[in-house]
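Remarks on the structure that follows.
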Amino acid sequence: LPPLSVALGGSGACANVSAPAPTVPNTNAGGHGTFNISITNAGNYQWTSGGAVLTQSGTAYSIKGTLSQDPVAAGGNPSTLTIKYDPTAVNTTYSGKVSFPNANPNCSDSLIVVFSQQTGTQGVAQTTEQDGFSLGQNYPNPFAATTTFTYTTPTEAPVELTLSDLTGRTIRTITSGKVSAGAHEITINADELASGTYIVSLSSGAVRLNRQMVVTK
């Protein structure tokens, strides 16, 4: 007799993974925050992520590291993925989505996590006075070539002045060292600066002051 052929029905096993929509921190333009995506596997099969893929409407989000557990054990503790949030524009909605297209087992209802946040109408909160230190607003502002501002120290103290962009990247160290008590005038040249908003920061011990300045060319 010829071999008997029996068709097998059914489909492959799927891991039962889920993740609630994360809360994106309410961060002003130029600020920095992080939040976690927490993945739970309530099924009977371990789940391997295959790597997270981020898509977004701008460039505010980025994946920081990898999943805390990968594979994610069935019935085990949640695994977390940390997302950085660095918005740069005011009054803007930043939407993002993390998916796992190469996950295993990969089912038709594969995990997709969607999130969004809107910035306010102001940028980085400006702190201009603390413990007798003050950081004045530059003039002119906006500026194209040079601008001048004054800072004041209550006593002789070590001071560092830096210029950074709205992602927090330091563009220039303006001055660093011990200065005498009183008012000090600083001039910034914009020859090597692109148009945009920048943050001038003053640091001295526990004192942290900052001001926004705008370059237009």
Side-chain angles (χ1 to χ4, degrees), residues 1-125 164-171 194 196-197 199 201 208 210:
L1 293 176
L4 182 63
S5 177
V6 178
L8 299 176
S11 60
C14 288
N16 184 16
V17 293
S18 62
T23 299
V24 181
N26 189 3
T27 305
N28 283 332
H32 311 282
T34 60
F35 60 94
N36 289 331
I37 294 173
S38 182
I39 300 172
T40 301
N41 183 354
N44 297 317
Y45 304 91
Q46 76 173 13
W47 180 80
T48 302
S49 76
V53 175
L54 171 66
T55 55
Q56 56 183 312
S57 59
T59 58
Y61 300 107
S62 59
I63 296 174
K64 183 179 179 181
T66 58
L67 278 168
S68 60
Q69 302 173 56
D70 197 1
V72 182
N77 294 325
S79 181
T80 57
L81 181 68
T82 300
I83 307 296
K84 293 179 64 181
Y85 176 48
D86 303 303
T88 57
V90 299
N91 199 26
T92 300
T93 298
Y94 289 97
S95 300
K97 178 175 69 176
V98 168
S99 59
F100 302 88
N102 299 312
N104 182 41
N106 193 6
C107 306
S108 59
D109 56 347
S110 58
L111 182 63
I112 297 175
V113 185
V114 177
F115 41 87
S116 69
Q117 183 58 277
Q118 182 172 352
T119 57
T121 57
Q122 296 183 352
V124 173
S164 61
D165 61 20
L166 288 180
T167 70
R169 181 173 63 94
T170 299
I171 303 297
T197 301
I199 306 297
S201 300
R208 298 289 186 273
N210 56 70

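Below, each value reflects all heavy atoms present in this structure, side chains not excepted, and no hydrogens, waters or symmetry copies. In this text the structure is predicted, and so the values were computed from the model without any measurement.
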| said: Determine whether a donor-acceptor pair (N or O, by modelled atom type, separation under 3.5 Å) exists between the side chain of S95 and the backbone of S116. | reply: no
| task | Indicate yes or no: at least one non-hydrogen side-chain atom of V113 is less than 4.5 angstrom from one of P22. | result | yes
| Any donor and acceptor pair, going by atom type alone, linking the side chain of N210 with main-chain N or O of I199 inside 3.5 Å? | no
| said: Could you measure the distance from the CD1 atom of I39 to the OG atom of S18? Nearest 0.5 Å is fine. | reply: 9.0 Å
| note | Correct closest heavy-atom pair for S68 and P78 would be OG-O, 4.4 Å
| OG/S79 to CD1/I37 distance, rounded to the nearest 0.5 angstrom? | 10.5 Å
| request: Report yes if the side chains of I63 and L81 come closer than 4.5 Å at any heavy-atom pair, otherwise no. | output: yes
| remark: Rounded to the nearest 0.5 angstrom, the OH-OG1 distance for Y61 and T55 is 11.5 Å
| said: Measuring only between side-chain heavy atoms, which start at C-beta, is V17 closer than 4.5 Å to F100? | reply: no
| request: Specify the closest pair of heavy atoms between A103 and W47, including all atoms of both residues, with the distance to one decimal. | output: CB-NE1, 3.4 Å
| query | Are T119 and Y94 side-chain neighbours, meaning at least one heavy-atom pair lies under 4.5 Å? | reply | yes
| query | When you measure from the side chain of Q69 to the backbone N and O of A73, does any donor-acceptor pair fall under 3.5 Å? | reply | no
| query | Is there a donor-acceptor pair under 3.5 Å between the side chain of Q46 and the backbone N or O of P71? | reply | no
| field | Interatomic spacing from CG in N41 to OG1 in T48 - rounded to 0.5 Å | value | 10.0 Å
| Hey, what do you get for OG1 (T82) to CG (L67), rounding to the nearest 0.5 Å? | 9.5 Å
| remark: One should read off an interatomic distance between T92 OG1 and Q118 CD, to the nearest 0.5 angstrom, of 7.5 Å
| field | From V53, I112, I83, residue fulfilling side chain to side chain contact (heavy atoms under 4.5 Å, CB included) relative to V98 | value | I83
| request: List the atom of P20, the atom of S38, and the distance in Å for their closest heavy-atom pair. | output: CD-O, 3.6 Å
